[in-house]
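Chain naming here is simple, since letters A, B, ... match the order of the sequence lines and numbering starts at 1 in each.
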Amino acid sequence: MTPPRPLGRRFYARPTLRLARALLGAWLCRRDGDRVVRGRIVEVEAYTDDAASHARGRRRTPRNAVMFGPPGFAYVYFTYGMHHCVNVVAEHDGIPGAVLLRGLDALPGANGPGRLCRTLDIDRRLDGLDLTVGEALWIEPGRRRRGERVVVATRIGIGADVELPWRLYLAGSPGVSRRDRAAEAALV
DNA sequence: CACACGATGCGCT
DNA sequence: GCGCATCGTGTGG
């Protein structure tokens, strides 16, 4: 088994939307006993202190506290009474920002944030986990392939009044939860 | 303490 | 496209 090669703190310490883009093509890694399960990140969404974010208005609560902390940590929350979603914290200590992981390739059943977490057995036990350690959950380097286009679309499940083009995904990837034909057509 | 609702997914129409 | 399961969290009383 190849040893973990987790990305370091510096990788995460940047503006949220830029981290979102940098995460496309990287590998999300989850330890499963003696094995490591890896999925290629192909769909993400950025959340900062905007109206649709858990950290809206920079209001700190017990749930969203990790979003305000240092970068490179996992923010995992529970929603709809049955689903978990995992985020990667960006920015620097004190500034809220996180990237929601919405879809993975090279791993069946990891399209959509809830299914992704179910497939990788991610729940609130991992909230606040340091992703730079390489123990239970981490991210390894990976890049976009030649000719692989980044589609810029609006976030899913967000009220029209606060929609922002902060969902990014790799065109043509099977792990994408929902395509945006108009956004794809807007590509050169 | 009560209550409204969600960064979703699934099954049915 | 639509309804709904199911419960933690935030907000207000």
*Pairing pattern in dot-bracket form [Watson-Crick, G-U; both distances under 3.5 Å; | = partner strand] for DNA chain B*: ||||||.|||||.

*Let me know the distance between CZ of A/R178 and C1' of C/dG1, rounded to the nearest Å.*
11 Å

*A/M82 has a side chain; which of B/dT8, C/dG8, C/dT6 sits nearest to it?*
C/dT6

*Of all residues at least two apart in sequence or in a different chain, which pass the salt bridge (charged side-chain N to carboxylate O under 4.0 Å, His left out) check with A/R9?*
A/D130

*Tell me what A/Y80 touches on the nucleic acid: a base, only sugar-phosphate, or nothing, going by heavy atoms under 4.0 Å.*
base

*For the pair made of NE2 in A/H83 and P in B/dT8, what is the distance, rounded to whole Å?*
9 Å

*asked:* Using the C1' atom as the point on both nucleotides, what is the distance between B/dA4 and C/dC4, in whole Å?
replied: 16 Å

*Rounded interatomic separation in angstrom, taking CH2 from A/W166 and C1' from B/dA7*: 13 Å

_Main-chain N/O of A/D180 paired with A/Y169 side-chain donor or acceptor, under 3.5 Å_ = yes

*In whole angstrom, give the distance that lies between atom CE of A/M67 and atom P of C/dT9.*
15 Å

*Do the ring planes of A/Y77 and A/Y75 sit parallel (below 30°), tilted (30 to 60°) or perpendicular (above 60°)?*
tilted

*For A/A65 and A/R60, which heavy atoms make the closest approach, and how far apart are they?*
O-NH2, 4.1 Å

_Salt-bridge criterion met for A/R58 and A/E91 (N-O under 4.0 Å)_ = no

Under 3.5 Å, N/O pairs linking protein and nucleotides 10-13 of chain C:
| residue | atom | partner | partner atom | Å |
| --- | --- | --- | --- | --- |
| C/dG10 | OP1 | A/T61 | OG1 | 2.3 |
| C/dT11 | OP1 | A/R59 | NE | 3.2 |
| C/dT11 | OP2 | A/R59 | NE | 3.2 |

*Please work out whether the ring planes of A/F78 and A/H84 are parallel, tilted or perpendicular, with thresholds of 30° and 60°.*
tilted

*Is A/L100 touching bases, backbone alone, or none of the nucleic acid, heavy atoms closer than 4.0 Å?*
base

*In whole angstroms, how far is the C1' atom of B/dG11 from the CZ atom of A/R115?*
13 Å

*Quick one: do A/D127 and A/R124 make a salt bridge, cutoff under 4.0 Å?*
yes

*A/D161 has an atom CG; how far is it from atom C1' of B/dA7, in whole Å?*
14 Å

_Distance in angstrom units between A/F78 CZ and C/dT6 P, rounded_ = 11 Å

*ring centroid sep under 5.5 Å plus plane angle under 30, A/Y47 with B/dA7*: yes

*asked:* Are A/V150 and A/L101 linked, directly or through intermediate hydrophobic residues, by side-chain heavy-atom contacts shorter than 4.5 Å (ILVMFWY only)?
replied: yes

*asked:* Would the distance check show the side chain of A/N111 and the main-chain N or O of A/S177 forming a donor-acceptor pair, the cut-off being under 3.5 Å?
replied: no

*Find the distance A/I158:CD1 to B/dG6:C1' and express it as a whole number of Å.*
10 Å

